[in-house]
Amino acid sequence: MCCVFPCTKTKTRKMACSGSNKPSKQVRAKLDSFVVALTKKGIKLLALDFDKTFIDIHSGGMWDEGVDALASHVRPCMRDLLETASHKGLFVAIVTYHRQGWLIKEVLHKVLPKKTANKVYVQANTLEFLQQQRTSTGSGSSLDSVRGLFPDLNGKQAHIASVINEIYNQHNVAIKKNEIILMDDDINNVRIASSFGHYAFVVQQNVDYSSFESFETMLLL
């Protein structure tokens with residue numbers, strides 16, 4: 001559909017995304033406006049990467065320092081994006097190569113209201129998920145093989161497909177390819193998503209609330 005990227009020249013940031021203070025009404029309005037633009041564009045599923053997108057570090061795929069330590073790295077602007085999108089009726093998901101899906105769900109419950117956290121779909125590289133992918137591609141299905149060799153996941157497409165299948169099973173809602181947007185720090189994943197007909201944005205390390213204004217502008221081009 002379209003592959004869009006944040007501009008390299010950015011305005012002076014009013015509030016860092018990783019900051020702990022709540023945004024002003026003016027800054028928060030940029031987020032609200034972006035989510036409204038998503039709905040007007042027909043987006044039904046907002047899918048966010050985890051490492052260096054929803055959080056501001058790369059976790060390494062496995063994390064052993066506890067939920068609180070990981071939750072401290074959640075970007076407030078991305079947390080607020082998930083919450084706002086969910087409140088506006090969009091389906092929201094975390095799609096990630098991180099292995100501990102259960103841990104991500106605990107992080108979500110730390111930083112979001114319980115009602116919102118329960119609505120966020122999480123598709124991580126769990127052993128079950130990787131086994132399903134290997135089976136579907138005819139690569140074998142033993143857990144030993146899964147541990148030693150990852151299947152070709154084609155960016156985040158297998159993760160997104162799993163989420164939209166779950167949404168259909170739970171809500172009887174069929175989501176089309178042009179009704180999906182992926183936000184990811186990996187340009188490769190963004191390009192692949194675009195080639196599949198999704199909307200996709202690259203998330204830069206300095207992303208913040210002001211970035212949503214640029215995202216909205218590019219979405220409407």
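If you're wondering where the values come from, they're calculated on a predicted model, not measured in any experiment.
Side-chain N or O atoms of Tyr199 include none that pairs as donor or acceptor with a backbone N or O of Ala193 at under 3.5 Å. Remark: the backbone N or O of Val27 is paired with a side-chain donor or acceptor of Ser24 at under 3.5 angstrom. In this structure, the side chain of Asp184 does not engage the main chain of Asp49 through any donor-acceptor pair within 3.5 Å. Under a 3.5 Å cut-off, the side chain of His98 and the backbone N or O of Phe50 do not form any donor-acceptor pair. The main-chain N or O of Asp185 is found under 3.5 Å from a side-chain atom of Thr53 such that the two form a donor-acceptor pair. At distances below 3.5 Å, at least one donor-acceptor pair connects side-chain atoms of Thr39 with backbone N or O atoms of Val36. For Asn165 (side chain) and Ala161 (main-chain N/O), no donor-acceptor pair under 3.5 Å exists by modelled atom type. In this structure, His58 contributes its side chain and Gly60 its backbone to a donor-acceptor pair below 3.5 Å.
The shortest side-chain heavy-atom distance between Phe212 and Ser33 does not fall under the 4.5 Å cut-off. The shortest side-chain heavy-atom distance between Thr116 and Leu82 does not fall under the 4.5 Å cut-off. Contact check for Leu38 versus Leu90: side-chain heavy atoms found under the 4.5 Å cut-off. Between Lys156 and Ile192 the shortest side-chain heavy-atom distance does not fall below 4.5 Å. Taking the side chain as every heavy atom from C-beta outward, His198 and Ile181 never approach each other to under 4.5 Å. For the pair Met78 and Val203, the minimum side-chain heavy-atom distance is below 4.5 Å. Val74 places a side-chain heavy atom less than 4.5 Å from the side chain of Phe54. A 4.5 Å side-chain heavy-atom check between Val35 and His87 finds every atom pair outside the cut-off.
Here the closest heavy-atom approach between residue Gly61 and residue Asp51 is recorded as N-OD2, 4.5 Å. The minimum heavy-atom distance linking Ser210 with Lys30 is given by the pair CA-CD, 3.8 Å. Heavy atoms only, all atoms of each residue included: Ala85 and Leu46 are closest at CB-CD2, 3.8 Å. Taking all atoms of both residues into account, the shortest heavy-atom contact from Phe201 to Phe215 is CZ-O, 3.4 Å. Taking every heavy atom of both residues into account, Ile43 and Asn178 meet most closely at CD1-O, 4.0 Å. Here the closest non-hydrogen pair linking Tyr97 and Gly155 is OH-O, 3.0 Å.
Side-chain contact, Thr84 with Arg28: a donor N or O sits under 3.5 Å from an acceptor N or O. Under the 3.5 Å distance criterion, with hydrogens and angles disregarded, a donor-acceptor pair is assigned to the side chains of Gln123 and Ser162.
Note on Phe196 and Leu182: separate hydrophobic clusters, where clusters join Ile, Leu, Val, Met, Phe, Trp and Tyr whose side-chain heavy atoms are under 4.5 Å apart, directly or indirectly. In the hydrophobic clustering of this structure, Leu48 groups with Tyr209; members are Ile, Leu, Val, Met, Phe, Trp, Tyr whose side-chain heavy atoms approach within less than 4.5 Å, directly or through other members. Follow the hydrophobic side-chain contacts under 4.5 Å out from Val163 and you never reach Leu108; the two are in separate clusters. Criterion: ILVMFWY side-chain heavy atoms under 4.5 Å apart, direct or through other members. Under it, Tyr121 and Val95 are part of a common hydrophobic cluster. No path of Ile, Leu, Val, Met, Phe, Trp and Tyr side chains, each step under 4.5 Å between heavy atoms, connects Ile160 with Leu130, placing them in separate hydrophobic clusters.
Note that the OG atom of Ser86 and the NZ atom of Lys88 stand 12.0 Å from one another [nearest 0.5 Å]. For the atom pair CG of Asn118 and NZ of Lys105, the computed distance is 10.0 Å after rounding to the nearest 0.5 Å. For the atom pair Lys44 NZ and Ile180 CD1, the distance stands at 10.5 Å (nearest 0.5 Å). Put simply, CZ on Phe91 and CD on Glu179 are 10.5 Å apart, with the number rounded to the nearest 0.5 Å. Summarising the geometry, atom CD belonging to Glu213 is positioned 10.5 Å from atom CG belonging to Asp208; distances are rounded to the nearest 0.5 Å. Between atom NE2 of residue His109 and atom NZ of residue Lys114 there is a gap of 7.5 Å, rounded to the nearest 0.5 Å.
More than 12 heavy-atom neighbours from other residues, nucleotides or ligands sit within 6.0 angstrom of NZ on Lys41.
Here Asp56 does not pair with Lys52 in a salt bridge; the nearest charged N to carboxylate O distance is not below 4.0 Å.
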Inset, instruction - Show the numbers, then the answer: is there a side-chain contact (heavy atoms from CB on, under 4.5 Å) between Arg79 and Arg75? - result: CA-CA 6 Å; Arg79 173 203 64 202; Arg75 299 183 195 268; over 6 Å; no

Inset, instruction - For side-chain contact (heavy atoms from CB on, under 4.5 Å), just list the numbers for Tyr168 and Ile164, CA-CA rounded to whole Å, side-chain angles, deciding distance to a tenth of an Å, and then say yes or no. - result: CA-CA 6 Å; Tyr168 181 79; Ile164 61 177; over 6 Å; no

Inset, instruction - Apply side-chain contact (heavy atoms from CB on, under 4.5 Å) to Asn125 and His159, showing your working. - result: CA-CA 8 Å; Asn125 274 9; His159 301 75; 2.7 Å; yes

Inset, instruction - Could you walk me through whether Trp102 and Glu106 pass the side-chain contact (heavy atoms from CB on, under 4.5 Å) test, one step at a time? - result: CA-CA 6 Å; Trp102 62 268; Glu106 288 195 16; 3.7 Å; yes

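In this pair, Trp63 and His73 present their aromatic rings perpendicular. The plane angle is above 60°, beyond the 30 to 60° band.
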